[in-house]
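Convention: sequence-line order gives letters A, B, ...; per-chain numbering from 1.
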Amino acid sequence: MSSQRKQFPFSDFEPKWQQRWEAAAAFRTPNPGEPDFDPSKPKYYVLDMFPYPSGSGLHVGHPEGYTATDILARWRRMCGYNVLHPMGWDAFGLPAEQYAVKTGQHPAVTTANNVKHFKAQLQRIGFSYDWSREVNTTDPNYVRWTQWIFLQLYNSWFNPTTKRAESISTYTGDNPDDVRLAYVAEMPVNWCPELGTVLANEEVTDGKSEVGGFPVERRPMRQWMLRITAFAERLLEGLDALDWPESIKLLQKNWIGRSEGAFVDFTLKDGGDNFTVYTTRPDTLFGATYMVLAPEHPLVAQITSTEQKEAVENYVRTVASKSERDRQDASKEKTGVFTGAYAINPVNGASIPIWIADYVLTGYGTGAIMAVPAHDDRDHAFATKFNLPIVKVVQESPSPGDASVPPATSYFTGDGVAINSGILDGLPTAEAKRKITLWLEERSLGRAAVQYKLRDWLFSRQRYWGEPFPIIWENGRHRALDESELPVRLPELHDFKPTGTAEPPLSKAKEWLRHSETAVRELNTMPQWAGSCWYYLRFCDPHNDTCFVSEEAARYWLGDGSNQPGGVDLYVGGTEHAVLHLLYSRFWHMVLHDLGFLPTPEPFQRLVNQGIILGADGQKMSKSRGNVVNPDDVINDYGADAFRLYEMFMGPLEQMKPWSMKGVEGVYRFLARVWRLVMQEDQEGRWQMSDAVADIEPTASQLRTLHATIKKVTADISTLSFNTAIAQMMVCVNELTSAEKRPASALRTLLVLLSPFAPHIAEELWERLGEKFSGFGGLAQSQDWPRHDESLLVENEVEIVLQINGKVRGRLVVSKDADREQLETAARADEKIAAQIAGKKIIKVIAVPGKLVNFVIG
RNA sequence: GCCGGCGUGGCGAAAUGGCAGACGCAACGGACUUAAAAUCCGUUUUCGCGAAAGCGAAGUGCGGGUUCGAGUCCCGCCGCCGGCACCA
């Protein structure tokens, strides 16, 4: 291909237009307050998930979503919107640091190189980003505000009364450190003794380090945490008003994991402390035949009998040495040990044994459960293995006609009617839950409760290449730095190797870590999520050095929250961020909103996930499979416009689909046909204006096709159905190609429609036509978006289908206005139909104007 | 195991409950050419009948259902892909 003559000179005009756009700052979007800002226009904020600039450069997956948003951005501009369409770099992260460990090259250098490469690649595709708003999460001017937001979190708390984040100064309790949204806790992390470092979850596979395959263990370490759990309810409720795919909302809902149930207090048979369990099935309390504590439960050491002491201690040790993943493998057989202690069931005084087992998790509920083996699969598996009693307390409502008796050893987890449950007998599950909860509350033995699976966010990393915390330690206590001391810059290090101890790499910066005679800096850094949590805010006001985003800019670009809760109008990115990034962003946004810094309660109104692009072999693209497609190669051979167009023509945006070079050639040929609508080659092979282009009126048919195309392209862009929009433009081009003379006015409209998709060729042809015809002033991309004339689309005559019993038996051309009766009369007069209904009993006739007539005959 | 999404020609895919397969790829035939490429025109769901225009039947993963009419709606399966995974 590359050796062949190009079908149109894209390699000449694509760079030419890119340079012109850049020189003219064609995509710069002024902010409110700037001289060229037009407040009369509505705003549209269309955002891509910004990339991590990896060393391997862009792959064809990135530009899929980017092309979609670029078309939207260009289209909205042509529709008269102020469009915010920015791009930046999520540039902190592991690969640059690991590269630094290997080569000694500073991550900042690697990052700068990669950013340069990525940016050049993106610019070659002709995206209409406002590069004057480019942000980089590693830029000290950006880090400063990331740290500033952390300070807001540190200096605020969740007021359970108002259910909002408030300044910590409104907290009246003893110790503010107990309630800060950013707090310190001992948390287990992935510690790899061989590598002498802490690993992120994604660096650990099957309990081994990704690098080297060394064993990884859980080890408690002091960590910074963010109190996202306080916002669980609001994060859940907020989803309803967002235009997100239902599947993504569901993913977040499941992640938050709300459940309703009750705390129930149990007493120990031999006295001592009481303990509390959480259950979603208080109605099965009479069926609790044993208790289970998590191995880490504080009561374990206390209650264990002397006979069981050794067994219990062994078990606790074994469990502690296991990785989180090993431990949470639900498919493995249950394990556990009897503590020797007994608890008293508050409802019936029964004495039931207390076990410990690792299937009960510390950190959820109370870390203790009442086990009801007849009505819970996990309890059932455990009871069966250890021969514990199983008492049935819920009767499954028999399905009609089902006489089969479930075996005595089975369990049933659904709703039914309470049995063997004293005061609850005969009550359906829902009522039994209510009654027993009330009963417990009246006696102060328990209370209704809501629990969430969501955990607080472990926010610190033992890494170099991340944002330093604006925190210092003095006399064993942490303290926030003053805003005026921001940004806290990373120290220059030359040795990025892990310390081999639990100390983060920043501990090597001996000078840096000393804040004063008595105070030292926090040595952890923030996770990569931190910078990506709020970049969409910075884009609104990227150069502001007095605040992270001005009130005015935020209010304009995000809206005032009155029409919709979300600020960004359209956010496009991969599903891999469905939970973490999108949940963390919502959390930060919510806090900043509560504190009065942001007008809207939610960050992203409409979310669309683009599908993954597979290799030509239908497999996931990967270097090892050798099926990776490099955008640069495609652009070299077919041009940026063809690349863009193919990315969109492959199929629906959200769908997973395989790459095909033949498909690229298809859209390339389409663009060549567009080119030849306007241009032809002379004897020497030079391109010149085609003789077929003329200043004439389009034919009726051409006009109809053109307006049908305006209508369909417009509708399809707004639903992101780019593949069908392109198909319609192909139809239009095919019709114009076959015409002897091509009306310049029709070409004009076509180029305007095409310009968001293939901006370079549209601009080039627009310019060339302008040399000879009127109506081509300015740039194609600055034209008003055309409107279709519906009256041109209505045909006077339509072909309808004649059916007998739903099967097509003939066709008929009728007036578009023909009503039901006229249709039926015309249909009966049709020869074929007449022949087939002759002598038959007509049961029913369905006539749908403009569509069909269907005879139902006996 | 649980929760989502998707199953339509040789391939990527289109189809407000109303002519299944638009558009593109591939293949085949023709025009142009000394020739090839490129380009342009045409054919192409499958099966049967026909020399042919055409005619008939079947057809959207499988099995049922609702409806005058189902790729589309409902019920039950199967397969593939993705997410979560002992959350009491």
Quiz item: Do Gln728(A) and Thr709(A) have side-chain atoms, one donor and one acceptor, less than 3.5 Å apart?
Solution: yes
Quiz prompt | U72(B) to A15(B) separation - P atoms, rounded to the nearest Å | solution = 15 Å
Exercise. Name the closest nucleotide to the Asp376(A) side chain, picking from C86(B), A85(B), A88(B).
Key: A88(B)
Practice problem: Pick the C1' atom in G69(B) and in G76(B), then give their distance to the nearest Å. | Solution: 24 Å
Quiz item: Considering residues at least two apart in sequence or located in another chain, which fulfil the side-chain hydrogen bond (donor to acceptor under 3.5 Å, both in side chains) criterion with Asn734(A)?
Solution: Arg673(A)
Self-check item: Integer angstrom distance from the P of G7(B) to that of C62(B)
Solution: 13 Å
Quiz prompt | Asn723(A): partners by side-chain contact (heavy atoms from CB on, under 4.5 Å), with sequence neighbours left out | solution = Pro652(A), Ser721(A)
Quiz item: Which residues satisfy the side-chain hydrogen bond (donor to acceptor under 3.5 Å, both in side chains) test with Glu790(A), sequence neighbours excluded?
Solution: Lys711(A), His788(A)
Self-check item: Test salt bridge (charged side-chain N to carboxylate O under 4.0 Å, His left out) applied to Lys662(A) - qualifying residues, sequence neighbours left out
Solution: none
Compile the donor-acceptor pairs under 3.5 Å between side chains in residues 843-858 of chain A and protein atoms, sequence neighbours left out, one pair per line.
| from | atom 1 | to | atom 2 | distance (Å) |
| --- | --- | --- | --- | --- |
| Asn854(A) | OD1 | Asn805(A) | N | 3.4 |
| Asn854(A) | OD1 | Gly806(A) | N | 3.0 |

Self-check item: Presence of Asn723(A) side-chain N/O under 4.0 Å of A14(B) phosphate oxygens OP1/OP2
Solution: yes
Exercise. Write down the distance separating the P atoms in C74(B) and U67(B), rounded off to the nearest Å.
Key: 16 Å
Quiz item: Is the shortest side-chain N/O distance from Arg673(A) to OP1 or OP2 of G24(B) below 4.0 Å?
Solution: yes
Exercise. Give a yes/no answer on whether the side chain of Lys657(A) brings an N or O atom under 4.0 Å of OP1 or OP2 in G12(B).
Key: no
Quiz item: Given the P atoms of A70(B) and C19(B), what is the spacing between them in whole Å?
Solution: 11 Å
Exercise. Both distances under 3.5 Å, Watson-Crick or G-U wobble: on that basis, could you give the dot-bracket string for RNA chain B, with [ ] for crossing pairs and | for other-strand partners?
Key: (((((((..(((.....[....))).(((((.......))))).(((((....)))))..(((((..]....))))))))))))....
Practice problem: Could you tell me whether the phosphate oxygens of A13(B), OP1 or OP2, come under 4.0 Å of any side-chain nitrogen or oxygen in Gln655(A)? | Solution: yes
Self-check item: Assigned glycosidic conformation for G9(B) [threshold 90° from 0]
Solution: syn
Self-check item: Any donor-acceptor N/O pair under 3.5 Å between C19(B) base and Lys851(A) side chain
Solution: no
Practice problem: Considering only atom P, compute the distance from G63(B) to G30(B) and round it to an integer number of Å. | Solution: 42 Å
Quiz prompt | Between Trp687(A) and Phe8(A), ring centroids under 6.0 Å | solution = no
